[in-house]
Structures are given as C-alpha cells and as structure tokens.
Amino acid sequence: MKKFMNDPADVVAQALAGVAAAHPELRVDVAERFITRAAGPRPGKVGLVSGGGSGHEPLHGGFVGPGMLDAACPGEIFTSPVPDQILAATRAADGGAGVVHVVKNYTGDVMNFQLAAELAADEGISVRTVLVDDDVAVEDSTWTAGRRGTGATLLVEKIAGARAEEGGGLAEVAAIGQEVNTSSGSFAYALRAGTTPAAGRPGFELPEDEIEAGVGIHGEPGRRREPMRPAKDLVRSGLDAILAAKPFPGPVIVLVNGLGGTPLIELYLVFGEVAAYLAQRGVRIARQLVGNYVTSLDMAGMSLTLCQAGDEMIRLWDAPVRTPGLRWGA
Amino acid sequence: MKKFMNDPADVVAQALAGVAAAHPELRVDVAERFITRAAGPRPGKVGLVSGGGSGHEPLHGGFVGPGMLDAACPGEIFTSPVPDQILAATRAADGGAGVVHVVKNYTGDVMNFQLAAELAADEGISVRTVLVDDDVAVEDSTWTAGRRGTGATLLVEKIAGARAEEGGGLAEVAAIGQEVNTSSGSFAYALRAGTTPAAGRPGFELPEDEIEAGVGIHGEPGRRREPMRPAKDLVRSGLDAILAAKPFPGPVIVLVNGLGGTPLIELYLVFGEVAAYLAQRGVRIARQLVGNYVTSLDMAGMSLTLCQAGDEMIRLWDAPVRTPGLRWGA
Amino acid sequence: MDAALAGDWMRAAAAAVAAGAGRLTELDTAIGDGDHGANLHRGFTAVVAALTESPPQTVSEVLVKAGTTLMSRVGGASGPLYGTALRAAGKALPATPTVEPAELAAALHAGLAAVRRLGGAAPGDKTMVDAYAPALDAFETAVAGGAGLGAAAQAAAGAARAGAEATVPMRARKGRASYLGERSIGHQDPGAASTGLFFAALAEVSQAHPRHAD
Amino acid sequence: MDAALAGDWMRAAAAAVAAGAGRLTELDTAIGDGDHGANLHRGFTAVVAALTESPPQTVSEVLVKAGTTLMSRVGGASGPLYGTALRAAGKALPATPTVEPAELAAALHAGLAAVRRLGGAAPGDKTMVDAYAPALDAFETAVAGGAGLGAAAQAAAGAARAGAEATVPMRARKGRASYLGERSIGHQDPGAASTGLFFAALAEVSQAHPRHAD
Ligand SMILES: Nc1ncnc2c1ncn2[C@@H]1O[C@H](COP(=O)(O)OP(=O)(O)O)[C@@H](O)[C@H]1O
Ligand SMILES: Nc1ncnc2c1ncn2[C@@H]1O[C@H](COP(=O)(O)OP(=O)(O)O)[C@@H](O)[C@H]1O
Ligand SMILES: [Mg+2]
Ligand SMILES: [Mg+2]
Ligand SMILES: [Mg+2]
Ligand SMILES: [Mg+2]
C-alpha cells in the first residue's frame with residue numbers, strides 16, 4: 001500500500017488539519033473531530049448534522065456550508081463516529097430549533113447516532129433522524145440490517161439542507177429528507193477495490209476480466225462477481241435494478257458518482273449512457289450531477305442514483321449551496 | 001485494463017456526449033470536438049481558448065464558463081488536438097476582440113496550436129498564445145523541449161479568464177496569463193501509473209515501496225524512482241524543488257492537485273503538510289485549492305503548485321467563476 | 001474477582017487484541033470493511049490508559065469505565081456493542097470490593113441482553129452473539145456446578161472460541177456482512193472472533209491468579 | 001513513380017502502421033505517453049479513406065493530400081510533423097503524372113527540412129529525424145549512383161531502420177521523452193521506429209512494381 005500519509009493511525013486527524021487550513025469558512029475541531037460552519041449555528045434555524053466513517057470524501061465534511069450541512073462528524077476510516085463526537089457536533093449545530101441527523105443505514109452508524117440522539121435529548125436538544133438506505137443491491141428485510149445508505153445521502157443532505165436554510169421546521173426538514181430517501185435508488189459497480197490504511201491491502205482482489213456488482217462504499221465485496229462488460233451494458237443492468245426496485249413515474253435527479261479511483265472522463269461516458277437508456281425507458285431527467293461525491297477511498301468504480309423528484313424537490317435541489325464539495329447559485 | 005467504456009477508440013467522443021447531456025450551459029460539438037459556452041461569444045470580449053489531450057479532466061472542458069474559458073478543444077487521450085479543431089474552437093470563441101490560446105508546453109500542443117493560430121490569422125482573428133511551462137522537475141534549456149505545463153494551467157485559465165471577463169484587452173489578458181505562468185512552479189509524485197485505453201496497461205510498473213518523483217500528466221515515468229516516504233517528507237522535497245527553482249518572496253496561491261486516482265482525504269492531508277512547511281519556510285499562503293483538477297486518467301499521485309500572487313492576481317483569482325469544474329462567487 | 005483482577009482482565013484483553021489485530025482486520029476485510037482489529041485496538045488501548053489513570057475500586061466500576069471508554073472511542077458497530085455489554089455487566093454487579101463467580105455470571109448475562117437489545121441479533125445471525133451466548137452458557141453451567149472463576153472462565157473461553165468457529169458456515173443476517181448475502185458464508189465473523197479473545201483473556205488472568213485457579 | 005504507386009505507398013504504410021501499432025505504442029509507453037501507435041493508425045486510416053474517396057492524379061497531390069489528412073487527424077507531435085513532411089515533399093514535386101527518383105529525392109529532402117524547421121530537432125536528439133536523415137542520405141546516394149526507385153528505397157529503408165535502432169542509446173533532447181532525461185536512454189524512439197516502417201513501405205511497393213524493382 002502506498003498512500004500520501006504519515007502514520008496510518010493519524011490519517012483522519014491529519015486530513016482534518018488540512019481541511020482546517022484549506023477552508024477558513026469552516027471550523028474544524030480536530031480534537032473533538034467535527035466540522036461546522038465557521039459562522040456557527042443561525043438562531044432559529046434547524047441544524048443538519050451528518051457523519052459516518054471517513055474515506056467517503058467529500059461526504060460529509062465537504063458538504064458543510066450554507067444550503068447544506070451545519071456540521072459533520074467524521075469517524076475513523078470506514079468506522080462510524082462515536083456518540084460523544086456526534087453529540088458535540090449536534091450541540092454545535094443547534095440553533096435552538098432542533099437538529100436533524102442524516103444517518104446512513106449501517107449498524108454502527110445507526111447505533112452511535114441513536115446513542116448520541118439520546119444524550120442530546122437529555123440536554124434538551126430535539127433530534128429527528130433521517131435514515132438513508134437507497135442501495136437496491138441489498139435485499140430489504142426486517143430480519144437483516146437492511147439496505148445500505150450510499151449515493152442518495154448527497155441528495156438528502158442537499159435537499160433537506162435547502163429546506164432548513166430557508167426556514168423549514170424540524171418536522172418538515174426531516175420529512176423532506178426522508179422523502180428524498182424513499183424516492184431514491186442506487187446501484188454500484190467496482191472495477192478495483194480500495195485500500196484502507198489500516199488493512200494495507202485491497203478489500204478484495206479481482207481478476208483482470210471481472211468486476212464486483214452491487215458493491216457498497218466500504219470496500220466490501222459486492223453481491224456477485226461478474227465478467228467485465230461494456231459501459232453501456234453495465235449502465236443498463238444497474239438502471240434496470242434500480243427501476244425494478246422502485247417506481248419512477250416522474251422526472252428524476254440523476255447522480256453518476258465516482259467511487260474515488262475512476263477518472264471523470266469515464267463518469268461522463270457513463271452519464272451519456274445513462275441519459276440514452278433512461279430516454280429509451282421513458283424516464284425524464286430533470287437534473288443531473290456527475291463527479292466524485294460519495295467515494296470509497298481509491299476504489300475504482302461508480303454508482304448510479306435515481307431520485308424521483310417533484311417540483312418542490314427540484315426547487316430545493318436548485319437552491320443555492322456553498323460548500324467545498326458542492327457549490328452553485330451562491 | 002478495466003474501464004467504464006465501450007470501444008477504446010470511442011472514449012473521447014462518448015465522454016463528450018456525456019458532457020453535452022450533463023451540462024446544458026455548455027455547447028458541445030461532438031463532431032468537431034470542441035466545447036463552448038452555450039451563450040456563445042460575448043461581442044467585444046477577448047476569447048480564451050485552451051485544449052490539449054483528453055484524460056486530464058476537468059481540465060480543460062470542465063473550465064468552460066463565465067470567468068474562465070470560452071472554449072476548449074479536447075484531443076484524443078493524451079494527444080494534443082489537431083489544428084482544424086483548435087481553429088473551430090477559436091472561431092467559436094471570438095467575440096471580435098481576439099483570442100488568447102492557453103497552451104501547455106508539449107511539442108505536439110505547441111505545434112498544433114501554432115498551426116491553428118496561423119490559420120486563424122489568415123481568417124483575420126488575432127491570436128496571442130500563453131505558453132504554460134511550470135513543471136520544475138524538468139530542466140529548462142533551449143536545447144530541449146523545455147518544461148512541461150501542468151498544474152499552473154488551471155491558475156492561468158482562472159486568472160486570465162477573470163481578466164477577459166471584466167473586459168481586459170487582448171494584450172492584457174495574454175500578459176496576465178503569462179505572468180501567472182512565470183510566477184508558478186509545480187512538482188508531482190506518482191504512486192501508481194495511469195492506464196490509457198489505447199495502451200491497456202499502466203504506463204509504468206512500480207514496486208510496492210517505490211514511487212516516481214517528477215512525473216508529468218501523461219503517464220510517462222518521472223525524473224527518478226525513489227523509495228516511498230511519509231507524506232511530510234514528500235511534501236518537503238517537492239516544495240524544496242519548487243522554491244529552489246523560483247523565488248517566492250510574497251504570498252502564494254497553492255494548488256494541491258490530485259492526479260485522478262488519489263482520494264481527497266490524502267490530498268487534504270498533503271495540504272496540511274504543505275501549510276505547515278510553507279509556514280516554516282516563511283512563505284505566506286494567500287489562497288489555496290485542494291482537489292482533482294489537472295489529472296492524468298487514473299494515476300495515483302499528486303502535484304504541488306505555488307504561484308506568487310500580488311493583489312491584482314488575487315483579486316482576479318477571487319473573481320466569480322461558473323464552470324463545471326470550478327465555481328465560486330457566482 | 002476484585003478490581004485488580006478485573007483490571008488485569010481488561011489489560012489482558014487489550015494485549016490479546018493488540019496481538020490479534022491483524023487477524024481480526026483480515027477477517028473483517030473478507031466480509032466487512034477491514035477495520036475491526038484497528039477499532040478494538042484503539043478502544044482497548046484507551047481502556048488501559050483510563051484504568052491506569054484512575055484505577056477504580058470495584059469490579060463494577062472497572063467494567064463500567066471500560067465500557068464507557070469503548071463506547072466513546074471505538075465507533076462502528078463493535079464500539080457501542082462492546083461498550084454497552086461492559087456497561088450493562090458492570091451496572092449489574094454489586095458495589096462490593098469483590099464479586100463471586102455467580103454474580104459475574106449474572107453480570108455477563110445482563111451484558112448479553114444489552115447487546116441483543118441494542119443490536120437486535122439472535123444466535124445464528126453470524127455476530128459476536130454467536131460467541132458470547134455459548135460462552136455465557138458454559139460459564140453459568142460451570143458456576144452452577146460449583147466451579148471456581150478460573151475453571152468457569154476456561155469453559156467459557158473454549159465455548160466462545162467454538163462459537164466463533166461455528167460462525168464460518170453461517171449466512172450473516174446482521175451487521176455489514178449481511179450485505180454479502182450468500183457470499184458471507186465460509187468466513188468467520190470478526191466480532192465473534194474478538195469475543196473469543198475477550199473470554200480467553202478472562203480465563204488467562206483468573207488462572208494466573210492462584211486464588212481463582214479453579 | 002506515378003500516382004497509383006504513391007497511393008500504394010500510403011496504403012502499404014497504413015498496413016504497416018496497423019500491424020505495428022502495438023509495438024509503436026509500447027515504445028511510446030516506455031518513454032512517452034503511449035499513443036504513437038494509435039495516433040498513426042488513426043491518421044493513416046484516414047489517409048487511405050481520403051485517397052480512396054477521390055484518388056489524386058499526381059504523386060504531388062497524393063503526398064499533399066496524405067500530409068493534410070495526417071495534419072488534421074493525428075494531433076500530438078507526430079501529426080504536424082508527418083503532415084508537414086508529406087505536404088512539403090508533395091509541394092516540392094512537379095505536377096507531372098510520373099516523377100523520377102531524383103525528383104522524389106529532392107521532395108524527401110524538402111520534407112525533412114520542413115520537419116526540422118517545425119520541430120527544431122537535430123540528428124542525435126532521439127526523434128524521427130534520426131531515422132529520416134540517414135534514410136534520405138541513403139536514398140540520395142543510391143539515386144546519384146544510378147539506382148532505380150526500388151533499390152534506392154531499399155537502401156533508404158535499411159538506413160531508416162538502422163537509424164531508428166541507433167536511437168536506443170541516445171538521450172532525448174526533443175519531444176516528450178526529453179522529460180525523462182537520463183532515463184530516456186536504452187529505449188528506441190517511437191517516431192524513428194514509425195519512420196522506419198514508412199520507408200520500408202516505400203521499398204515494398206516499389207519493388208513489387210516490376211518497373212521500379214531495381
Ligand atoms: N447487530 C449486531 N449485533 C451484534 N453484533 C453485531 C451486529 N452488527 C455487527 N456486529 C458485530 O460487529 C462486528 C464488526 O465490528 P466492526 O468491524 O468493529 O464494526 P463495523 O462493522 O461498523 O465496521 C461484526 O463482526 C459482528 O460480530
Ligand atoms: N521536436 C521534434 N522533432 C522531430 N520529431 C519529434 C519532435 N518531438 C517529437 N517527435 C517525434 O514524435 C514522436 C512522438 O509522436 P506521438 O507519440 O504521436 O506524439 P506525442 O509525443 O505528442 O504523444 C517521437 O517519438 C519523436 O520521434
Ligand atoms: Mg467499520
Ligand atoms: Mg500524445
Ligand atoms: Mg468493520
Ligand atoms: Mg505519444
């Protein structure tokens with residue numbers, strides 16, 4: 001393993017120091033491990049907090065700023081943050097109107113956020129949780145951990161963030177966030193596993209002509225190993241899986257997301273195929289975003305996310321956002 | 001080689017189709033291979049055109065938009081565009097006040113742009129050329145091809161683009177672009193080579209404990225092979241090489257640029273080290289940018305660029321820019 | 001068991017985790033995200049530091065402090081689960097300087113209940129519960145049969161290890177491995193493996209202590 | 001040489017480039033950016049298509065059309081260089097239906113001059129010039145000694161190949177390989193190698209043609 005780092009154990013802390021130096025518009029508490037807007041919470045505004053393991057950058061720290069998150073708490077690499085840290089971020093995001101937690105559906109994230117929410121409630125902070133579980137590659141069942149939260153997390157944070165920014169109440173912000181999740185489906189392919197600094201070698205080894213289909217964003221193998229196929233075919237299969245899992249009668253927001261090690265030129269090629277196939281399937285694209293947003297360290301791969309979006313969601317998607325990782329209209 | 005593509009020969013055209021579908025604010029001429037602002041040239045505004053081989057995305061097509069380029073012409077992967085194509089982009093960018101070509105100093109780019117400039121002159125379009133050659137890893141000599149253009153290209157395009165946007169004349173726009181280049185130095189490291197679709201295998205093979213120092217952005221090996229070292233050491237050596245090549249008495253703009261396969265968390269860690277070491281060397285950072293901007297397909301690596309920037313350059317750096325790859329203040 | 005022995009237990013667990021971190025990470029790389037070794041190593045290092053800084057006076061306090069530390073330092077799934085287990089176990093103990101094996105059995109019982117409440121996993125779901133539950137059974141049976149701490153812990157450690165090994169053919173229904181579906185079969189659950197280390201550490205320290213050796 | 005033979009030359013060059021693209025790319029991967037094979041393949045495919053679409057009537061026109069096509073389809077360093085070489089050579093020829101070996105020698109001379117003007121490379125800089133210059137020398141010498149097109153082309157092809165091989169120990173001073181400094185030593189220059197193919201194609205077609213065979 002070769003990475004730009006010093007000691008594998010210090011990667012997160014030292015990267016946070018870099019974020020602090022690079023973004024004066026953010027406040028980074030390197031010791032307590034959370035990132036907030038430098039301006040602090042706006043009184044009366046609902047706070048939006050997210051977090052999870054590190055290694056998914058720009059998610060979540062890169063989405064702190066006007067129009068999106070108030071605070072992010074990054075855990076160790078691929079390890080959910082701890083309750084104390086989430087609590088500290090929640091306090092820092094609270095403008096008195098309560099805080100919404102955006103939580104990706106992983107056992108660790110769910111438990112740590114739940115414990116933090118209980119601690120916050122003890123301090124008198126109202127917390128609502130939006131659980132993101134958009135990955136259609138995983139079967140949904142009450143007997144299992146359920147579906148993973150992946151690409152739709154960006155959409156939830158953007159759209160709920162816009163609602164919070166314009167003054168939405170706690171219930172409203174949580175409701176639109178949950179609606180975005182319910183309206184979304186994602187499917188991912190990996191061509192090459194990423195490498196965590198702690199493990200020092202790729203999460204799985206793939207032969208030159210095989211890929212993992214239905215991967216998550218934590219370096220774990222996918223649902224099945226498949227022969228490599230042209231981009232056009234992969235896009236069709238991925239979209240078929242999403243379209244089979246949920247109805248998409250109206251226009252959609254599309255996210256073609258790189259997992260960290262795939263160059264932009266390939267992501268654009270993929271988006272071209274997505275646009276062509278959705279046209280063929282009669283699904284209208286209202287908005288689109290192409291780039292590396294919800295990554296898995298240096299995994300070579302991409303995820304496709306569709307989100308069924310009505311006028312209100314599109315209005316909120318278009319609303320100004322000013323963060324290191326996503327910025328428009330402001 | 002596994003890439004999200006169909007036929008290796010069609011990657012550039014199909015990626016351009018994706019760019020066209022993803023960015024209604026751009027006009028993509030897939031047949032003639034150039035990208036312009038959808039709004040077309042603004043009469044009386046100096047046009048800014050750049051281009052080069054594909055595989056460096058978001059450079060250059062992702063930098064077309066208000067405050068930056070008027071047109072970009074992407075060649076085949078790592079192959080400079082052809083004169084006809086550059087001419088077509090130049091025509092499309094011309095608002096009657098002349099056009100500045102931003103050209104990275106590679107034999108192919110220089111010759112093709114030169115031929116295009118002659119053709120444009122024949123049509124009555126005044127063209128000035130800004131040659132970018134910031135890579136201090138390469139010895140500068142009149143007997144060789146000289147230094148390569150790398151990370152500073154982004155700074156030249158941003159700053160000259162801002163000057164053009166606010167109404168600078170042809171000579172002024174070219175002059176500030178050239179000044180940015182003269183004021184800049186870059187140095188890059190690769191941990192793993194990228195793979196071109198045509199070659200189908202990495203440009204070079206590196207053992208697990210070695211890196212290439214002084215690499216360019218075309219997959220070629222660097223100036224020398226070195227043992228892998230902690231990020232702190234690599235940053236010091238890279239900055240030492242830049243600081244030895246040019247004087248940086250005043251504040252600088254810093255670009256920590258990923259080469260395509262290196263995750264953001266490592267780039268931030270690197271920026272933290274850069275900030276610490278520059279402070280130690282007494283170099284003040286006025287502005288900074290961290291991310292994947294001038295890439296080399298999926299090469300794992302990063303480049304450091306310093307640009308000595310006075311108040312005027314900083315004002316132009318801060319000016320609004322609205323492109324797919326760089327966006328602020330607008 | 002007294003507070004000193006409980007502290008030794010935590011230190012032995014920390015040493016076992018440090019030595020076994022590579023293997024735990026390897027197991028977690030196969031069917032998870034490759035951080036279980038690093039997670040527990042970070043957590044138990046903090047536990048040892050916390051216990052050294054202000055050594056508690058009762059077994060109960062040792063366990064609560066260890067659990068609280070894990071909870072606030074580990075993260076992931078294993079942090080809250082191990083944390084809640086130790087906190088619940090500690091809180092179930094009397095605040096006396098020493099505790100009897102039967103009291104410890106009841107405490108471990110409370111710990112398992114807390115894990116199952118928080119994580120929702122049942123035996124057979126391919127989680128730490130599959131090592132913890134048989135270990136607790138063995139411990140309780142031994143104690144009921146009159147065994148001392150050392151012998152009971154020895155039985156528990158053996159059962160935990162066997163339970164961990166028995167997770168290999170299971171298909172995961174909880175935690176990260178569940179995303180793999182069928183493909184989770186054939187690998188040992190990392191959390192079950194670390195639970196094995198945890199009970200082995202108890203056996204080790206209580207047998208080293210002459211008073212508890214059988 | 002007549003227009004038909006010149007067309008055959010370009011088609012033979014295209015075939016040689018198609019067959020040798022892998023090797024050219026490999027050479028360019030070692031000390032360049034790995035596109036030389038693909039570049040020339042794309043270019044010569046376009047040349048063949050252009051010549052087929054509207055076959056020119058003179059050798060001059062064949063070379064100018066081929067050069068213009070390469071210029072507008074190849075890109076990179078080799079596109080303008082090969083393009084300018086063929087265009088300059090074509091323009092130096094008389095507009096007659098056939099051209100004599102001496103006229104072709106003068107045309108090839110003009111082509112090399114154009115390459116050196118545009119690219120600024122001298123012999124020894126490790127570029128296509130290191131194959132082109134000795135090939136031209138050999139061609140001129142053979143023609144001056146009374147050789148026919150076939151024999152002169154054969155001599156040129158041998159010299160071009162030898163010249164390309166002689167680039168191996170050189171340190172590059174022009175083009176992309178120059179960035180490697182010392183590390184460019186020990187590899188053959190891809191452009192010199194393709195120049196070898198280009199002259200070999202000339203030898204092949206002129207020998208196949210009975211009238212030019214020696
Ligand atoms: N719902 C659950 N109940 C009990 N144990 C669980 C549950 N989910 C996960 N685990 C345990 O946690 C272990 C993984 O811990 P760790 O790797 O540290 O956390 P993460 O999965 O968040 O990366 C699994 O091997 C399993 O034993
Ligand atoms: N200045 C120059 N003069 C002559 N030939 C050159 C010069 N620069 C490069 N070349 C030739 O071009 C070849 C590379 O062509 P190609 O790979 O197609 O272009 P690029 O280097 O732009 O990728 C080199 O091997 C060399 O022979
Ligand atoms: Mg984890
Ligand atoms: Mg090239
Ligand atoms: Mg894990
Ligand atoms: Mg090349």
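Quick caveat: nothing in here was measured; it's all calculated off a predicted structure.
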Where on [X] is there a heavy atom nearer than 4.5 Å to chain C: the side chain, the backbone, both, or neither?
{"X": "A/P202", "answer": "backbone"}
{"X": "A/P221", "answer": "both"}
{"X": "A/D84", "answer": "side chain"}
{"X": "A/E212", "answer": "side chain"}
{"X": "A/I77", "answer": "backbone"}
{"X": "A/F78", "answer": "both"}

Part of [X] lying under 4.5 Å from any heavy atom of chain A:
{"X": "C/A122", "value": "neither"}
{"X": "C/T25", "value": "side chain"}
{"X": "C/R73", "value": "backbone"}

- Query: Atom CD in C/E182, atom CZ in A/R224: separation rounded to 0.5 Å?
  - Reply: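 It comes to 13.0 Å.
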
- Before giving the answer on side-chain contact (heavy atoms from CB on, under 4.5 Å), spell out for A/L115 and C/M71 the whole-Å C-alpha distance, their side-chain angles and the decisive distance to 0.1 Å. CA-CA 10 Å; A/L115 292 166; C/M71 192 96 97; 3.7 Å; yes

- State whether the side chain of C/R183 and the backbone N or O of A/G222 hold a donor-acceptor pair below 3.5 Å, judged by distance alone.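 A pair under 3.5 Å: yes.
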
- Query: Side chain of C/D33, backbone of A/E220: donor and acceptor closer than 3.5 Å?
  - Reply: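 No, C/D33 side chain to A/E220 backbone: no donor-acceptor pair under 3.5 Å.
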
- Top contributor to chain A contacts, counting heavy-atom pairs under 4.5 Å, from C/A38, C/A177, C/G34, C/S72: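 Option with the top pair count is C/S72.
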
- If you count the non-hydrogen atoms of other residues, nucleotides and ligands that lie under 6.0 Å from CD in C/Q57, is the total more than 12?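 Incorrect, the count does not exceed 12.
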
- Item | C/R23, CZ atom: more than 12 neighbouring heavy atoms under 6.0 Å |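 For C/R23, atom CZ is not crowded (no more than 12 foreign heavy atoms under 6.0 Å).
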
- Item | Side-chain heavy atoms of C/T84 within contact of A/M111, under 4.5 Å |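 No, side chains not in contact.
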
- Which of A/Q85, A/Q114, A/R225 touches chain C most, by non-hydrogen pairs under 4.5 Å: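 The residue among A/Q85, A/Q114, A/R225 with the greatest pair count is A/R225.
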
- Taking all non-hydrogen atoms of both residues, which atom of C/Y179 and which atom of A/G146 are closest, and how far apart?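 Heavy atoms of C/Y179 and A/G146 come nearest at CE2-O, 3.4 Å.
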
